[in-house]
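First the structure, in the form of structure tokens, and then the observations on it.
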Amino acid sequence: GVNKKPTVVKGFITPPTSLEPVGIGRDVTCLALSKDLSIVVSATIARIVRVWEFEETSMEVQFKFHQAEVTDVCILAPYPVAASCDSNGWVYLYAVRPSVLKNHCIYKFQNVTMPINKPCGVFSITFSPTNCYLFTGDESGDVKVWPLAELFEQLGIKALETKEARAKR
């Protein structure tokens with residue numbers, strides 16, 4: 001059941017609601033949050049990536065593309081895009097609201113070791129909005145940089161104005 005009373009953990013109050021009412025006994029393995037997009041992205045041990053509207057605590061969409069353990073998720077704010085990666089080296093990019101492409105996988109690629117071109121698991125993923133670079137950390141100890149500006153331009157995906165920027169106007 002859901003804890004009805006908020007609990008304090010090291011100075012933070014945890015909400016008395018749950019974003020994971022879907023599924024049976026599927027451990028959540030990683031999470032990402034974007035206040036500007038009002039979404040949470042989660043991944044489960046069952047290799048399912050879910051996008052949640054966190055103010056309403058409702059699931060918007062789930063993706064079942066991964067064939068291996070999902071190791072991390074990331075939201076590429078201010079772009080309406082989320083990413084997930086897995087232990088086989090696959091990285092998936094998903095459009096989220098308010099993009100016209102929302103709820104679709106928009107791109108995927110597989111991380112490989114060079115020069116032998118062998119798949120290499122990705123275990124960490126993060127994004128720099130300053131230069132539109134996706135960073136991955138893999139099992140061979142490499143940190144790789146993936147420029148996404150050209151891809152986003154081709155797909156018509158534009159950075160959204162943040163809540164802070166809107167408040168300043």
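Numbering starts at 1 and runs along the sequence shown.
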Please list all pairs passing the side-chain hydrogen bond (donor to acceptor under 3.5 Å, both in side chains) test where one or both residues lie in residues 70-82, with sequence neighbours left out. none
Show every side-chain hydrogen bond (donor to acceptor under 3.5 Å, both in side chains) that has at least one partner inside residues 149-158, sequence neighbours left out. Glu150-Gln154
Are side-chain heavy atoms of Leu160 and Pro80 found at a separation under 4.5 Å? yes
Side chain to side chain, Asp86 and Glu69, heavy atoms closer than 4.5 Å: no
Under the side-chain contact (heavy atoms from CB on, under 4.5 Å) rule, collect the residues that match up with [X], sequence neighbours excluded.
X	result
Val145	Tyr133, Phe135
Leu33	Lys35, Val40, Phe54
Phe109	Val91, Tyr107, Leu134, Trp146
Asp142	Asp138, Ser140, Lys144

When rounded to the nearest 0.5 angstrom, what distance separates [atom1] in [X] from [atom2] in [Y]?
X	Y	atom1	atom2	value
Ser99	Ile106	OG	CD1	7.0 Å
Leu31	Cys74	CG	SG	12.5 Å
Arg47	Ser87	CZ	OG	9.0 Å
Ser84	Arg50	OG	CZ	13.5 Å
Thr136	Asn111	OG1	CG	5.0 Å
Lys118	Thr113	NZ	OG1	6.0 Å

Side chains of Trp52 and Ser42: donor-acceptor distance under 3.5 Å anywhere? yes
Closest non-hydrogen atom pair, Pro129 against Ala77: CB-O, 3.7 Å
Minimum heavy-atom distance between Ala43 and Val70, given as atom pair plus value: CB-CG1, 3.4 Å
Check the pair Thr29, Thr44 against side-chain contact (heavy atoms from CB on, under 4.5 Å), reporting the backbone distance first and the verdict last. CA-CA 5 Å; Thr29 56; Thr44 69; 5.8 Å; no
Kindly determine whether Ile75 and Val81 satisfy side-chain contact (heavy atoms from CB on, under 4.5 Å), including the steps that lead there. CA-CA 6 Å; Ile75 300 170; Val81 176; over 6 Å; no
Can you list the residues that meet the salt bridge (Lys or Arg N to Asp or Glu O under 4.0 Å) rule with Glu60, with sequence neighbours excluded? Arg97
Is the backbone of Ile39 close enough, under 3.5 Å, to the side chain of Glu55 for a donor and an acceptor to pair up by distance? no
Can you give each donor-acceptor pair under 3.5 Å made by side-chain atoms of residues 119-128, sequence neighbours left out, with the distance rounded to 0.1 Å?
unit_1: Ser128; atom_1: OG; unit_2: Asn131; atom_2: OD1; d: 3.0

One pair to check against side-chain contact (heavy atoms from CB on, under 4.5 Å): Val96 and Lys102. What are the steps and the verdict? CA-CA 4 Å; Val96 297; Lys102 73 178 180 181; 5.5 Å; no
Residue pairs fulfilling ring pair (Phe, Tyr, Trp, His ring centres under 6.0 Å) with at least one residue in residues 83-105, sequence neighbours excluded: Phe63-Tyr94, Phe65-Tyr92, His66-Tyr92
